[in-house]
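Single-structure report; data block below.
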Amino acid sequence: GVEETICSMRLKQNIANPTRADIYSEKGGRITTLNSQKLPILNFLQMSAERGVLYQNALHAPHWHSNAHSVIYVTRGSCRCQIVGNQGRQVFDGQLNQGQMLVVPQNFAVVKQAGNEGFEWVSFKTNDNAMAIPLVGKTSVLRAMPVDVLMNAYQISREEAQRLKYNRQEETMVLTPGSRSQVRA
Amino acid sequence: QGQSQCRIENINAQEPNRRVESEAGVVEFWDQNNEQFECAGVAPTRYIIQPNGLLLPFFVNAPRLVYIVQGRGMSGALIPGCPETFHSIRQSAQLRAGRSQQQGARDQHQKIRSIRQGDILALPAGVTHWLYNEGETPLVAVSLHDTSSNANQLDRNLRRFQLAGSQQTQTTSYQQRQQQRQQVRGQQQDIPENNIFNGFNVETLAEAFGVSTETARKLQGQNDQRGNIVFVEGGLRAIRPQQGEDEEEREQRYRTAN
């Protein structure tokens with residue numbers, strides 16, 4: 001009976017269409033994910049994909065994937081990319097240009113900042129429901145922690161801890177540039 | 001991942017062979033390269049957290065079960081996608097009253113669980129976790145990591161990813177032979193353990209969080225000598241149900257009475 005399911009399964013979906021974006025920021029860019037919930041065939045493949053567009057100098061928030069490796073292919077523009085592994089070791093700090101590919105291992109934290117012409121990429125994940133865990137923004141792990149934990153962990157004041165948790169307000173994953181100008185040091 | 005090779009002639013009881021001391025506690029590691037642990041595809045660790053000690057948030061590349069051997073405290077597991085369901089009631093009252101100048105006291109976060117001797121904590125791979133000892137005796141927790149789990153797509157080495165703190169000096173108690181063996185195997189056990197923010201550029205961090213570079217440096221914890229278990233002066237305060245009134249406790253009481 002396998003052919004009865006596989007043969008009729010949907011095998012393609014466009015992820016470049018901006019109207020299909022899962023995360024959208026007017027000034028930052030957009031990210032569209034394609035996982036097995038949207039395209040069930042991916043369950044067989046145990047893989048998923050993500051298409052991202054960052055506008056000039058926008059940031060793809062620091063994050064890691066808890067259940068997948070990620071392979072990034074640059075489709076347009078460039079970015080500065082940093083990857084950090086266990087023990088806080090920086091394993092990559094450099095520019096990614098169009099046509100290049102980069103492997104981000106599972107659990108390794110990555111941040112990207114678009115260059116002056118913006119940055120577009122597609123990334124392939126080795127899990128059909130790859131889970132991205134951001135360090136910054138509305139859905140971040142820091143926001144999920146009590147303020148007292150942050151204060152004691154980083155030896156900072158209550159106000160600094162509040163800023164760490166809430167400065168990015170409703171933003172998630174795609175961060176607009178220039179937020180530091182609003183910082184009350 | 002290939003199945004592990006189990007060429008075991010003898011089985012021996014194992015003690016931790018590495019000890020890392022912090023300001024408010026100790027983390028002890030068993031040798032994960034030991035053939036018995038390698039065969040089982042697991043890596044054990046023991047945490048001894050002094051009263052008012054906070055085990056700083058971290059995650060690992062494998063699922064784990066944690067058993068609370070002794071003591072009591074609170075535990076936070078930061079599960080991606082879950083809402084911050086613990087809110088300050090005072091905050092809501094203040095907001096309703098329009099007292100926005102007192103917003104400094106507001107907080108909301110994910111669920112906190114009370115833990116005590118005999119409890120098992122089940123933590124999926126990649127879930128960030130912190131632990132706080134609010135008892136009068138040391139909190140002892142033994143953690144077993146299933147590094148051979150399908151959830152781990154890296155190699156079988158247990159890898160810790162700290163979100164805070166740094167371990168600049170490590171007190172190790174290797175036996176000479178074990179040390180040599182680990183060096184041969186290319187292990188880098190004596191490398192200082194920094195948190196993941198330390199690997200990012202300060203400017204990038206400041207930009208990402210929208211904070212000053214000074215705060216970003218504190219995130220990196222470069223001059224932090226306290227280690228991964230820190231002392232919380234005056235005790236940790238966090239919004240949560242009253243002791244003994246949380247869901248699990250109520251359920252347990254009901255079962256006893258029925």
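Below, chain A is the first sequence line, B the second, and so on; all start at residue 1. Just so you know, these numbers come straight off a predicted model, no measurement behind them.
Going from atom CG of A:Asn67 over to atom CD of B:Gln153 covers 7.0 Å, rounded to the nearest 0.5 Å. Separation of atoms OG (A:Ser140) and CG (B:Leu78) is listed at 9.5 Å; rounding is to 0.5 Å. The CZ atom of B:Phe161 sits 5.0 Å away from the CZ atom of A:Phe108 when rounded to the nearest 0.5 Å. Summarising the geometry, atom CE belonging to A:Met151 is positioned 9.5 Å from atom CG belonging to B:Leu236; distances are rounded to the nearest 0.5 Å.
Nearest heavy atoms, B:His109 versus A:Lys165: CB-NZ, 4.3 Å. Across every non-hydrogen atom of A:Asn86 and B:Arg160, the tightest pair is CB-O, 3.3 Å. Closest of all the heavy-atom pairs between A:Pro146 and B:Ile112 is CG-CD1, 3.7 Å. Heavy atoms only, all atoms of each residue included: B:Val230 and A:Asn152 are closest at CG2-O, 4.0 Å. Across all non-hydrogen atoms, the minimal contact from A:Pro105 to B:Leu154 is CB-CD2, 3.8 Å. The two atoms that bring A:Lys138 and B:Glu84 nearest to each other are O-OE2, 3.6 Å, heavy atoms only.
B:Asn201 touches chain A through backbone and side chain together, each having a heavy atom under 4.5 Å away. For A:Gln82, the parts sitting under 4.5 Å from any heavy atom of chain B are the backbone and the side chain alike. Only the side chain of B:Pro57 comes within less than 4.5 Å of a heavy atom in chain A; its backbone stays farther off. Using a 4.5 Å cut-off between heavy atoms, A:Val91 makes no contact with chain B at all. Of the atoms belonging to A:Leu142, it is side-chain heavy atoms, and not backbone ones, that fall under 4.5 Å from chain B. With a threshold of 4.5 angstrom between heavy atoms, A:Ala109 approaches chain B through its backbone and through its side chain. Looking at A:Thr126, both its backbone and its side chain come within 4.5 Å of chain B, counting heavy atoms on both sides. For a residue to count as touching a neighbouring chain, one of its non-hydrogen atoms must lie under 4.5 Å from one of that chain's; by this rule B:Phe59 touches chain A with the side chain only. In this structure, the portion of A:Met131 lying under 4.5 Å from any heavy atom of chain B is its side chain and not its backbone. For B:Val60, the part sitting under 4.5 Å from any heavy atom of chain A is the backbone (N, CA, C, O) and nothing else.
Listed for the A:Arg168 side chain is a donor-acceptor partner under 3.5 Å among the backbone atoms of B:Ala208. A:Glu160 contributes no side-chain N or O that, together with a main-chain N or O of B:Thr215, makes up a donor-acceptor pair within less than 3.5 Å. No donor-acceptor distance shorter than 3.5 angstrom exists from the side chain of A:Gln155 to the backbone of B:Leu219, with no hydrogens or angles considered. Not a single donor-acceptor pair under 3.5 Å links the side chain of A:Gln87 to the backbone N or O of B:Glu193.
In terms of heavy-atom pairs under 4.5 angstrom with chain B, the leader among A:Val149, A:Leu175, A:Ile133 is A:Val149. For the set A:Val141, A:Thr139, A:Asn127, the entry with the most heavy-atom pairs within less than 4.5 Å of chain B is A:Val141. No other option in A:Leu150, A:Ile156, A:Val111 has as many heavy-atom pairs under 4.5 Å with chain B as A:Val111. Considering only heavy-atom pairs separated by less than 4.5 Å from chain A, the leading option among B:Thr128, B:Asn198, B:Leu163 is B:Leu163.
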Taking it one step at a time, do A:Arg89 and B:Asn194 satisfy side-chain contact (heavy atoms from CB on, under 4.5 Å)? CA-CA 7 Å; A:Arg89 268 178 294 170; B:Asn194 296 312; over 6 Å; no
Would you please test B:Ile196 and A:Leu135 for side-chain contact (heavy atoms from CB on, under 4.5 Å) and show each step? CA-CA 10 Å; B:Ile196 56 180; A:Leu135 284 161; 3.9 Å; yes
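The number of heavy atoms from other shown groups lying within 6.0 Å of CZ (B:Arg237) does not exceed 12.
The aromatic rings of A:Tyr154 and B:Phe197 lie perpendicular to each other, with more than 60° between the two planes, well past the 30° mark.
Contact annotation: the side chain of B:Glu207 approaches that of A:Leu59 to within less than 4.5 Å [non-hydrogen atoms, C-beta and beyond]. The side-chain heavy atoms of A:Pro62 and B:Phe200, taken from C-beta on, include a pair separated by under 4.5 Å. For the pair A:Asn167 and B:Phe209, the minimum side-chain heavy-atom distance is 4.5 Å or more. With a 4.5 Å cut-off on side-chain heavy atoms, B:Asp107 and A:Tyr166 count as touching.
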